[in-house]
Every structure is written in structure tokens, then in C-alpha cells.
Amino acid sequence: MAEITKAVRGTRDLLPPETALWNHVDRVVREIFRTYNFQEIRTPIFEETELFARSVGEETDIVSKEMYTFDDGVPAETLIRDVWLSCHAPEIAGRLRFNERLINEPYRQGPHEIGFNAFWNGRWTVVRPRYPVTSVDIRQIELYANEWRKERQEELSELGPIAPRLLVVTAQNGLTPEIAELAKSRAIEIESLSIADFEPPQSLTLRPENTAGVVRAYIEHNLWQRGLNKLYYIGPQFRRERPQKGRYRQFYQIGAEVIGPATAGSESPARDAEILELLAALLDKLGIKDWQLQLNSIGCADDRARYNEALGIALQPVKGQMCSDCQRRAAVNPLRIFDCKVPADQPIIEQLPRITQFLDEPCRRHFDEVQKILQALGVRFELNERLVRGLDYYTRTAFEFTHGALGAQNAILGGGRYDGLSQALGGPPAPGIGFAIGEDRLVMALGKSAEEVLERPEVYIAPLGPGMNKECARLARELRGHDIVVELGDESFRLKKSLETASKLGAKYVLIAGENELSTGVFGLKNLSTGKQQAVPRDHLLHTIRGQNGL
RNA sequence: GUGGGAGUAGCUCAACUGGCAGAGCACCGGACUGUGGCUCCGGACGUUGCGGGUUCGAUUCCCGUCUCCCACCCCA
């Protein structure tokens with residue numbers, strides 16, 4: 001068996017000391033959220049596929065090709081116990097498609113659908129027939145069955161002989177007289193199942209982002225009854241895309257959502273400004289310099305509809321001169337044309353209408369107000385009329401924070417308002433605004449080394465000689481109980497080795513504990529940076545270590 | 001999914017047009033039996049990403065494949 005020695009593509013291990021950096025970020029982030037009165041929410045790491053299709057948008061790349069989706073219900077480890085021949089009526093073929101890899105085109109043909117069913121671990125699953133079958137011909141069924149069995153002789157022989165049977169499944173729970181007659185004439189045993197025996201599995205997806213999950217939870221737990229909800233999350237997300245700088249298939253996001261009934265102020269521009277100011281404060285507190293806030297409004301759904309139409313008309317005469325990507329975008333998602341980096345296209349793009357020209361009065365006022373508050377707060381921003389958002393649920397305010405050190409993937413976080421999302425998912429009206437920070441990229445932008453935030457042991461205890469481990473364990477327990485970081489050596493180590501190790505670990509003190517010290521009750525405490533050593537009675541150890549911490 | 005670059009010791013990297021796979025750092029031990037950093041001496045360290053081909057001989061050339069990096073597509 002091949003050894004598994006590598007993390008799968010696009011995933012990675014976060015190792016110490018780098019994890020210290022991540023913990024540092026988490027700590028700072030939680031502290032900021034605390035002062036803005038946000039509370040943590042933790043949603044499941046997978047949800048029903050439908051949730052993401054409905055919120056993120058069926059047509060987005062995320063949903064159409066970048067999600068980790070799987071069917072719940074077909075056991076990964078299966079054991080063939082019995083093999084059946086089957087034919088089922090076409091109207092239930094859809095219900096049988098619980099394993100896409102096993103069923104495909106051949107099932108779509110003919111008046112009846114024919115295949116082999118295997119009873120695996122107490123569940124029915126379907127084995128793809130090798131040829132399209134166009135009619136119920138028992139002779140044909142037998143032929144396929146024999147071929148199939150021949151191919152799998154080795155696995156099947158361990159299971160003993162298999163009785164050929166005909167499995168009939170129909171929507172009405174029963175055999176058609178035609179099939180019954182055929183089976184009888186061939187002396188084949190018949191088992192009849194109803195459609196209810198084939199429960200379609202649930203399609204699940206590893207979350208590609210967390211806003212959908214939060215809004216789902218908001219609806220599920222009637223969170224609107226609390227008024228305004230200010231929620232944050234930190235956790236892994238999953239996207240099946242080609243790895244690149246700062247882009248992993250399991251990546252981490254820090255995000256927050258402000259959501260609630262409009263009467264609770266959730267629709268107010270004050271919320272937008274508060275979120276943006278929070279982010280500015282957060283980046284500053286993390287010591288990230290040189291960030292830029294790009295701001296735009298993409299209006300409400302109506303504005304966007306009118307704008308899309310105008311954009312389409314404006315593109316009509318000029319799109320032929322644009323790059324092939326843009327021609328494709330013009331057809332699929334015209335807004336994305338503004339992402340184009342091809343120099344030759346830029347003059348054309350400059351001439352296109354801008355979404356800001358199409359904002360209705362409330363949207364315009366909202367956007368103006370956001371800007372005014374930001375100015376009052378001294379948060380610097382740049383209007384970027386070309387900033388558009390890819391996900392379906394966004395409305396009005398859209399923003400990104402970018403950072404120079406991140407290569408082509410220069411966005412460190414992004415977000416915006418999503419006033420219609422709750423209703424799109426079947427919930428109550430609940431305007432909201434949120435953002436998500438790519439934590440992998442945030443850590444990259446920190447410009448700080450893990451060593452700077454790594455906590456070093458304060459005391460290294462060096463037991464000297466046989467029998468000293470016991471006493472030193474006691475000492476360690478005592479010090480740790482007083483919140484002192486202690487590393488413990490071993491009585492077999494020579495003192496030289498202990499000192500070396502302690503020095504490498506960056507410990508402040510070495511506590512020397514040999515037989516002499518034990519009998520006199522006075523221990524050697526050596527300061528590794530000054531090289532000075534003093535004799536400290538056991539009762540004073542804690543006090544001495546504490547007292548010198550500041551030095 | 002597409003294009004380009006790269007993969008050699010734990011890390012950073014050498015190895016000429018194909019000829020015994022190396023250095024620095026790190027690691028372990030000793031000099032020094034209870035006093036670190038400096039120094040000296042010694043030690044361990046590899047399926048050259050994986051698989052195939054050409055060759056007397058492949059880290060080197062060819063093909064395939066995997067992974068990483070950079071960019072595209074796209075995106076919080």
C-alpha cells in the first residue's frame with residue numbers, strides 16, 4: 001500500500017512557530033470585536049448544497065465549479081452482499097441518481113431503465129450497465145448480469161453463489177403485468193420495491209464562505225427577535241481552485257455580519273461606516289501599513305437591472321474590439337468587464353456607463369451618508385467605480401481592502417451589503433452588511449515574524465541526577481499553577497545539556513535542582529541573559545522569578 | 001480549467017557539454033563527570049518528487065505524472 005506522506009493539493013499544515021502568529025492575529029481580532037460589541041458565531045463546516053446555490057449564486061464560479069460537494073448517504077466503505085438485476089420505470093430514474101458516478105446516460109434511454117443494483121451495507125446502490133438498454137428484454141438482462149459477474153468473479157466468489165433475481169422498481173410500488181410475465185417465463189425470482197425504498201441522499205457542501213451559513217442560522221433561530229445582531233466568525237472555508245499565492249483550498253476567514261430588522265437600524269449607513277472603521281482599526285492594530293480602502297455602491301437590485309441593460313447596450317457596438325475574455329464576460333457577466341487588465345481595452349472601459357450613475361435616490365443618499373461618516377471618522381478611502389462584487393447577494397455598499405505585498409491577489413478582505421439575502425433564503429426581511437478577511441493573506445501582510453510573538457518559557461528546570469525528576473515535577477507544577485511558563489528537563493541530562501537546551505528555547509531562567517539543592521532547600525537560579533546566578537530558598541522561588549520578570 | 005518556472009540532506013542551495021551526490025546552517029556526541037552562548041574534534045543525514053525511456057553509465061537528455069511557485073480565469 002502506498003504511504004500517505006503529503007497533505008493534499010492546496011492544503012497545508014500550519015506549524016509552530018508560525019501558529020503563534022495566527023494565534024496572535026486571532027487574539028487581536030477577538031479583542032477588537034469585543035470592543036465593538038460583536039459576538040462569536042460558529043456554524044457547521046458543511047451545509048446543504050442548495051444554501052450556497054441560492055445565496056452565492058448558481059452562475060458564479062464558486063458554485064458552478066469550485067465547491068466540495070458530496071452526497072450524504074452512500075457509505076464510503078461498501079461491501080457487496082448481493083447483486084440484483086433490476087429494471088425501473090424512467091419516471092423514478094431521477095430519484096435513483098444518488099451516485100452520479102455510477103449512473104449516467106444509458107439510463108436515460110428507452111421505455112424502461114435497466115441496471116444492476118447492488119445491496120451494499122444495507123443500502124441499495126446502482127452499478128452502471130455497460131450498454132444502453134432500450135427495452136425490457138430479460139435475455140439481455142441475463143447477458144449483462146453474467147458479464148458483470150464474470151468481471152468480478154474474484155470479489156464475488158468470496159461471497160458465495162448469487163441467485164439471479166429480477167428487481168422491479170416502479171413509482172407505484174409494483175410490477176407491471178408485462179414484467180411479471182416475462183420474469184415468470186424465465187423462472188427468475190422477483191423482488192418488488194417501491195420508490196420509497198430509494199431515499200435520495202442529501203447533497204452537502206463544505207462551506208466556500210460563511211455569510212450564507214450565518215444568515216441561515218439567523219433565520220433558523222429567529223435571531224431577529226433580538227433586534228440587531230452583530231456576529232463574527234473565524235474558521236476554515238473550502239474552495240476547489242488552483243492554488244496560488246495566499247490562496248489555498250482550505251483557507252481561513254475572519255468575518256463579521258451585522259444583520260437584523262430594518263427597524264433595528266440594520267439598514268442604516270451608520271452600520272456600513274462602523275464596519276469600515278472597525279476594519280481600519282483592526283488593520284492598524286495589527287500593524288499592517290499601506291492598506292487601501294476601495295469603496296463603491298452597486299445599488300439595489302432594480303438599479304442593477306437598469307444598469308445591466310444600459311451596459312449591455314453600450315457594449316453592443318464596442319465589444320467586438322475587446323479581448324476574448326471581455327467578449328465572454330459581455331455575454332455572461334458584464335459587470336466583470338471592469339476587472340479587465342488588458343491595456344488595449346482600458347479606453348473602451350473608461351467610456352462605459354458606471355453603476356453610480358444608475359443609483360436611485362435612496363441608494364445615493366445611503367452611499368453619500370456612508371462617505372460622510374467615514375470622513376468625520378478620518379478613515380481614508382478611495383472611490384472605485386470599477387469595484388464590483390461577484391456574489392449574487394450583494395447590494396449597495398461594496399468594498400475591498402487591498403495591500404501591496406500580496407502579488408496579483410492584492411485584496412486582503414472584501415465585503416458589502418446584502419439587503420435581500422435573508423428573504424432570498426426564505427427568511428424575514430433582514431438587511432445586513434458583512435465582510436470576510438482572508439486570514440492566510442492577512443498573516444502574510446503582517447510583516448511580522450513568528451519569533452516576535454512567540455512565547456518563550458520563563459523557567460527551565462534542570463533536574464540533576466537520579467531521583468530528581470520527582471522533585472522537579474513538583475516544582476514545575478507549582479510554578480505553572482502561578483501562570484509561569486515552565487519547561488522541564490530530565491534527570492539524565494548533564495547540566496551542560498540542560499543549559500544549552502534552555503538557551504535554545506529562549507528561557508529566561510534555569511532552575512538548577514540537584515541533590516545539594518534538595519538537601520539544603522536552596523536552589524540555583526540562573527539568569528540566562530546576564531549569566532548571573534543566585535541561590536534562592538525554595539519558598540522564595542516564585543517571588544524571585546516574578547520579581548525579576550520585568551528585568 | 002489554461003500558460004510559464006521549479007522540485008537534490010531538517011533548512012538554503014551547489015554539482016561543467018551525461019562520469020563516485022556536495023557545502024553552509026541546523027541536529028547529535030565528545031573535548032568539559034554540577035554551569036549555556038565562543039572554539040576545536042567527531043557523527044548521523046539522500047529511493048536527487050514519483051514512474052517509464054535513451055545510454056556502458058542519468059541529478060543532468062526525452063516522455064508521462066504529482067506537488068509547489070508565478071500568472072491567467074475567477075474570487076472573500
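A note on names: the letters A, B, ... follow the listed sequences, proteins ahead of strands, and every chain is numbered from 1.
Within a 6.0 Å radius of CZ in A/Arg456, other residues, nucleotides and ligands contribute more than 12 heavy atoms. Around atom CD of A/Glu515, no more than 12 heavy atoms belonging to other residues, nucleotides or ligands sit under 6.0 Å away.
B/A44 and B/G7 are spaced 28 Å apart, taking the P atom of each and rounding to whole Å. Between B/U39 and B/G57, the distance separating the two P atoms is 47 Å to the nearest Å. Atom name P, nucleotides B/G18 and B/C62: the rounded distance is 10 Å, in whole Å. Taking the C1' atom of each, B/C27 and B/G64 are spaced 38 Å apart, rounded to whole Å. Across B/U48 and B/A58, the matching C1' atoms stand 11 Å from one another, rounded to whole Å. Taking the P atoms as reference points, B/C63 lies 26 Å from B/C13, given to the whole Å. Taking atom C1' on both B/G49 and B/C68, the two are 11 Å apart, rounded to the nearest angstrom. B/U60 and B/G53 have their C1' atoms separated by 15 Å, with the value rounded to a whole Å.
In this structure, the CG atom of A/Leu206 is 19 Å from the P atom of B/A76, given to the nearest Å. Atom CG in A/Leu499 sits about 9 Å away from atom P in B/G37, given to the nearest Å. One can place OH of A/Tyr248 at 9 Å from P of B/C68, the figure rounded to the nearest angstrom. Distance CG (A/Leu528) to P (B/G36): 11 Å, rounded to an integer number of Å. Atom-to-atom, CG of A/Asn410 to P of B/C70 comes out at 14 Å; the value is rounded to the nearest Å. Straight-line distance from the CD atom of A/Glu66 to the C1' atom of B/A76: 12 Å, rounded to whole Å. B/U35 atom P lies 19 Å from atom CZ of A/Phe523, rounded to whole Å. Rounded to whole angstrom, the span from the CG atom of A/Asp345 across to the C1' atom of B/C73 amounts to 15 Å.
For B/U65, the paired base is B/G49 (Watson-Crick or G-U wobble, both distances below 3.5 Å). B/G43 is paired with B/C27 under the Watson-Crick or G-U wobble criterion, all donor-acceptor distances under 3.5 Å. A 3.5 Å limit on both hydrogen-bonding distances identifies B/G1 as the Watson-Crick or G-U partner of B/C72. Look at B/A58: it lacks any Watson-Crick or wobble partner with both distances under 3.5 angstrom. Pair assignment for B/A9: none, as no Watson-Crick or G-U wobble contacts are both less than 3.5 Å. Across all strands shown, B/C20 has no partner, as no Watson-Crick or G-U wobble contact with both distances under 3.5 Å is found.
Across every non-hydrogen atom of A/Gly432 and A/Asp419, the tightest pair is N-OD1, 3.4 Å. Taking both residues in full, the closest heavy atoms of A/Pro243 and A/Arg249 are given as CD-NE, 4.4 Å, listed atom of the first, atom of the second, then distance. Contact record, A/Met67 with A/Thr49: CE-CG2, 4.1 Å, taken as the closest heavy-atom pair.
Look at A/Lys504 and you'll find a side-chain N or O under 4.0 angstrom from OP1 or OP2 of B/C28. Regarding contacts with the backbone of B/U35, every side-chain N or O of A/Lys497 stays at 4.0 angstrom or more from both OP1 and OP2. Residue A/Arg494 places at least one side-chain N or O under 4.0 Å from the OP1 or OP2 atom of B/G30.
Closest to the side chain of A/Lys496, from the set B/C68, B/A31, B/C74, is B/A31. Closest contact between the side chain of A/Leu464 and the listed nucleotides B/G36, B/C69, B/G34 involves B/G34.
For the atom pair CZ of A/Arg30 and CD1 of A/Ile254, the computed distance is 9.0 Å after rounding to the nearest 0.5 Å. In this structure, A/Glu47 CD and A/Arg207 CZ are separated by 8.5 Å, a value rounded to the nearest 0.5 Å.
Contacts of A/Lys526 with the nucleic acid, taken as non-hydrogen atoms under 4.0 Å apart, include base atoms. Among the atoms of the strands shown, none is found under 4.0 Å from any heavy atom of A/Gly255. A/Gln533 comes within 4.0 angstrom of a base, heavy atoms only. Nucleic acid contact class of A/Glu500 (heavy atoms, under 4.0 Å, all strands): sugar-phosphate only. Residue A/Ile512 is classed as a base contact, given a heavy-atom separation below 4.0 Å to a base. Residue A/Asn516 is classed as a base contact, given a heavy-atom separation below 4.0 Å to a base. Counting non-hydrogen atoms under 4.0 angstrom, A/Glu517 reaches a base of the nucleic acid.
One N or O donor and one acceptor, one from the side chain of A/Arg441 and one from the base of B/A76, sit under 3.5 Å apart. A donor-acceptor contact under 3.5 Å is not formed by the side chain of A/Arg239 with the base of B/C74.
Between the side chains of A/Trp224 and A/Asn229, no donor-acceptor pair of N or O atoms lies under 3.5 Å.
Aromatic ring centroids of A/Phe38 and A/Tyr232 lie 6.0 Å or more apart.
If you find the closest nucleotide of RNA chain B to A/Gly438 and to A/Val8, the one lying nearer the 5' end belongs to A/Val8. Both A/Gly10 and A/Leu413 sit near RNA chain B, but only A/Gly10 has its closest nucleotide nearer the 5' end.
A salt bridge does not link A/Lys497 to A/Glu500: none of the charged nitrogens lies less than 4.0 Å from a carboxylate oxygen. Ion pairing between a basic and an acidic side chain is recognised when a charged N comes within 4.0 Å of a carboxylate O; A/Arg216 and A/Glu50 show no such pairing.
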Check: protein-nucleotides 1-12 of chain B nitrogen or oxygen pairs below 3.5 Å:
from, atom 1, to, atom 2, distance (Å)
B/U2, O4, A/Arg242, NH1, 2.9

